[in-house]
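Below is one structure, written out as structure tokens; comments come after it.
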Amino acid sequence: MIKIYKAHILFTKEKDRFEVFENGYIAVENGKVTGVSTNLAELDSQEAEIVDFGDKLLIPAMNDMHVHAPQVHNQGVAMDLELLPWLQNYTFPEESKYADVDYAERMYRRFLHTQWLFGTMRSVVFGTVHTDSTRILMKLYQEAGMGALVGKVAMNRNCPDTLCEDVDAAVAGYEQLIAEFPQTSNLVRPIITPRFVPSCTPELLKACGELAKKYQLPVQSHLSENVSEIAWVAELEPDSESYGDAYNRYGLFGQTPTIMAHCVWTAGSELELMKKNGVMVAHCPTSNFNLSSGMAPIRTLLDEGVRIGLGSDISGGHDLNMFRMLVYAIQVSKMHYQLDHDKAFLTLPEIFWIATKSAGSFFGKVGSFEPGYDFDALVIDDAVLYPSEYSLLHRLERFIYVGDDRQIAHRFCCGQEIPEPKLQ
């Protein structure tokens with residue numbers, strides 16, 4: 001069945017400009033876009049169901065490329081600490097609670113519901129070391145109809161005993177989840193997730209790399225987030241040229257699709273290796289500020305051709321609203337501009353493209369309304385924001401800056417409208 005949606009359609013095919021279809025039509029078949037036009041006659045509309053959204057905006061849905069689902073209870077808590085004490089005193093104790101599957105389900109339902117509210121239809125997610133709780137999170141995503149790459153976290157050093165798992169147990173847990181959620185089946189799949197180098201012995205990093213290669217699974221972790229963290233990695237991996245090279249030596253840096261969060265201090269040989277291996281950066285501006293990590297040089301990375309997406313990084317970040325991440329990322333780039341006027345700050349089309357098409361490329365053809373792309377979309381009803389007084393682009397900009405979840409009228413993932421997930 002072909003569906004055709006009518007609305008004001010906006011998306012970024014290229015990073016330097018918006019495609020705008022005022023009173024446009026978008027045709028969707030089997031969950032994928034087949035065409036966009038302002039002329040209904042140009043689309044295959046015979047026997048199609050036409051859904052008219054009137055004066056509303058239709059845009060690609062959001063992608064959260066780095067988020068810690070089990071940290072939702074700590075959102076907005078302990079924001080006066082840097083990364084390493086924050087982990088030891090708040091994050092690890094909270095994640096230890098996920099040995100209790102009932103607690104895990106309650107918190108994960110809360111997390112997923114909030115993502116839905118803010119229009120995040122695809123995510124790259126950290127779970128915990130607990131296989132059973134990670135399975136619950138994956139099943140909740142399946143139940144909701146939202147897409148996710150979900151990682152059972154691997155860690156076996158520099159962490160509490162409650163979160164320390166030996167290599168054989170970690171591999172066995174991964175293989176259970178890999179068997180239960182095969183690559184070819186649906187929107188929810190596993191991703192290999194060594195927490196970061198300081199929490200993984202060389203043996204565990206090697207095992208993670210072997211799993212990624214054996215099952216051709218993507219990889220996620222943290223990279224060059226904090227100065228003290230980088231110094232720690234240099235002590236732990238003295239034979240590596242950089243933090244990124246430490247991952248690379250274990251097959252965890254682009255040998256399969258890889259996304260690294262933060263990259264605040266990535267430069268030199270690490271940047272060159274990232275470019276060579278096609279590693280994606282998950283830029284997490286609120287977390288970088290909250291944990292005193294620094295300001296990631298996104299303009300530099302973008303101009304160097306590095307793939308980039310945006311992440312909320314709950315709970316280092318305090319906000320699951322990905323539209324706010326667009327705003328914060330622009331603001332970070334403006335601070336860089338004050339330090340170096342040769343580095344232009346990010347524009348709205350650039351950051352929208354990063355959040356949608358660039359980020360979405362990690363999942364396949366996601367994040368645009370070009371033919372062949374999955375129809376991941378949001379319908380924005382900005383009637384309370386005085387739309388008649390603004391152009392379509394200014395209406396979108398105003399929603400991004402001052403709107404909230406109350407203006408998101410409909411949410412689609414892979415062509416299916418996604419109803420509100422259950423909280424219990």
Side-chain angles (χ1 to χ4, degrees), residues 66-75 77-78 80-108 110-111 125-138 150-178 190-212 219-223 225-226 228-238 243 246-247 250 252 261-262 287 291 313-316:
H66 180 69
V67 59
H68 292 263
Q71 294 177 23
V72 66
H73 189 260
N74 280 353
Q75 186 177 348
V77 171
D80 55 353
L81 295 175
E82 288 193 18
L83 174 65
L84 298 181
W86 173 81
L87 283 171
Q88 293 294 337
N89 296 323
Y90 286 88
T91 302
F92 290 159
E94 176 61 23
E95 291 191 8
S96 296
K97 298 177 184 177
Y98 283 73
D100 179 347
V101 292
D102 292 331
Y103 182 82
E105 179 171 351
R106 179 159 59 92
M107 289 299 159
Y108 282 152
R110 180 187 301 181
F111 166 76
V125 189
F126 273 61
T128 63
V129 300
H130 310 102
T131 302
D132 291 341
S133 291
T134 303
R135 180 186 296 108
I136 286 170
L137 178 58
M138 297 177 81
V150 180
K152 167 185 156 52
V153 173
M155 52 198 300
N156 69 339
R157 68 174 172 182
N158 296 317
C159 62
D161 290 344
T162 51
L163 293 176
C164 190
E165 187 176 44
D166 67 44
V167 176
D168 289 343
V171 170
Y174 270 122
E175 293 195 319
Q176 286 180 40
L177 296 173
I178 291 165
I191 181 169
I192 302 301
T193 306
R195 186 177 207 110
F196 67 158
V197 168
S199 68
C200 300
T201 62
E203 293 77 17
L204 182 56
L205 290 168
K206 181 174 181 287
C208 285
E210 289 172 348
L211 281 168
V219 170
Q220 65 173 341
S221 196
H222 301 84
L223 179 67
E225 178 179 0
N226 182 281
S228 57
E229 168 209 15
I230 295 168
W232 195 10
V233 171
E235 292 177 8
L236 294 169
E237 290 285 335
Y243 196 162
Y247 288 116
Y250 298 105
L252 296 165
H262 306 300
S287 175
L291 299 177
D313 195 26
I314 293 296
S315 65

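All values below were derived from every heavy atom in this structure, side-chain atoms included, with hydrogens, water molecules and symmetry-related copies excluded. Keep in mind that this is a model prediction, so the values were computed, not measured.
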**Study point:** G127 to P70 - nearest heavy-atom pair and separation
**Key:** O-CG, 3.3 Å

Review point. With a 6.0 Å cut-off on ring centres, are Y108 and Y98 close enough?
Key: yes

Revision key, fill the gap. CD (Q71) and OH (Y90) are apart, to the nearest 0.5 Å, by 13.5 Å

Check your understanding: Any side-chain heavy-atom pair from Y103 and H73 closer than 4.5 angstrom?
Key -> yes

Exercise for review: Nearest 0.5 Å please: distance from the CG atom of L252 over to the CG atom of L205.
Suggested key: 6.0 Å

**Study point:** Spacing of I136 atom CD1 and T131 atom OG1 [to the nearest 0.5 Å]
**Key:** 11.5 Å

Review point. Which atoms form the tightest heavy-atom contact between Q220 and V125, and what is the distance?
Key: NE2-O, 2.9 Å

Practice item. Compare every heavy atom of L87 with every heavy atom of P93, then report the nearest pair and how far apart it is. Key: CD-O, 4.0 Å

Exercise for review: State whether the side chain of S221 and the backbone N or O of P194 hold a donor-acceptor pair below 3.5 Å, judged by distance alone.
Suggested key: yes

Point to revise | Heavy-atom pair of closest approach, residues V219 and A212 | key: CG2-CB, 3.8 Å

Review point. Is a side-chain donor-acceptor pair under 3.5 Å present for Q75 with S315?
Key: no

Review point. Just by modelled atom types, is the P202 backbone N or O under 3.5 Å from a matching donor or acceptor in the Y250 side chain?
Key: no

Point to revise | Whether D132 side chain and V101 backbone form a donor-acceptor pair below 3.5 Å | key: no

**Study point:** Under-4.0 Å salt bridge between K206 and E203
**Key:** no

Check your understanding: Going from CE on M155 to CD on E165, what distance comes out if it is rounded to the nearest 0.5 angstrom?
Key -> 10.5 Å

Review point. If you look at every heavy atom in Y247 and V197, which pair is closest and at what distance?
Key: OH-N, 3.5 Å

**Study point:** Step-by-step side chain to side chain contact (heavy atoms under 4.5 Å, CB included) determination, R110 to M107
**Key:** CA-CA 5 Å; R110 180 187 301 181; M107 289 299 159; 3.7 Å; yes

Exercise for review: Keeping the roles fixed (side chain from N156, backbone from V167), state whether a donor-acceptor pair exists under 3.5 Å.
Suggested key: no

Practice item. For residues H222 and F126, establish whether the separation of their ring centroids is below 6.0 Å. Key: yes

Study note, to complete from the structure: Taken to the nearest 0.5 Å, the spacing of L177 CG from L137 CG works out to 10.5 Å

Point to revise | Residues E95, T162; criterion side chain to side chain contact (heavy atoms under 4.5 Å, CB included); working and verdict | key: CA-CA 9 Å; E95 291 191 8; T162 51; over 6 Å; no

Point to revise | Passing candidate, side-chain contact (heavy atoms from CB on, under 4.5 Å) with K152, options T134, I191, T128 | key: T134

Revision key, fill the gap. For V153 and Y174, the nearest pair of non-hydrogen atoms, with its separation, is C-OH, 4.4 Å

**Study point:** Donor-acceptor pair, side chain of E229 and main chain of L84, under 3.5 angstrom
**Key:** no

Check your understanding: Just by distance, do the side chain of N158 and the backbone of P198 share a donor-acceptor pair under 3.5 Å?
Key -> yes

Practice item. Indicate yes or no for a side-chain donor-acceptor contact from R157 to the backbone of S199 under 3.5 Å, with no hydrogens or angles considered. Key: no

Point to revise | OG-CG distance between S287 and L83, expressed to the nearest 0.5 angstrom | key: 7.5 Å

Review point. Is there side-chain contact between L291 and E225, with at least one heavy-atom pair below 4.5 Å?
Key: yes

Point to revise | D166 side-chain N/O to A169 backbone N/O, donor-acceptor pair under 3.5 Å | key: yes

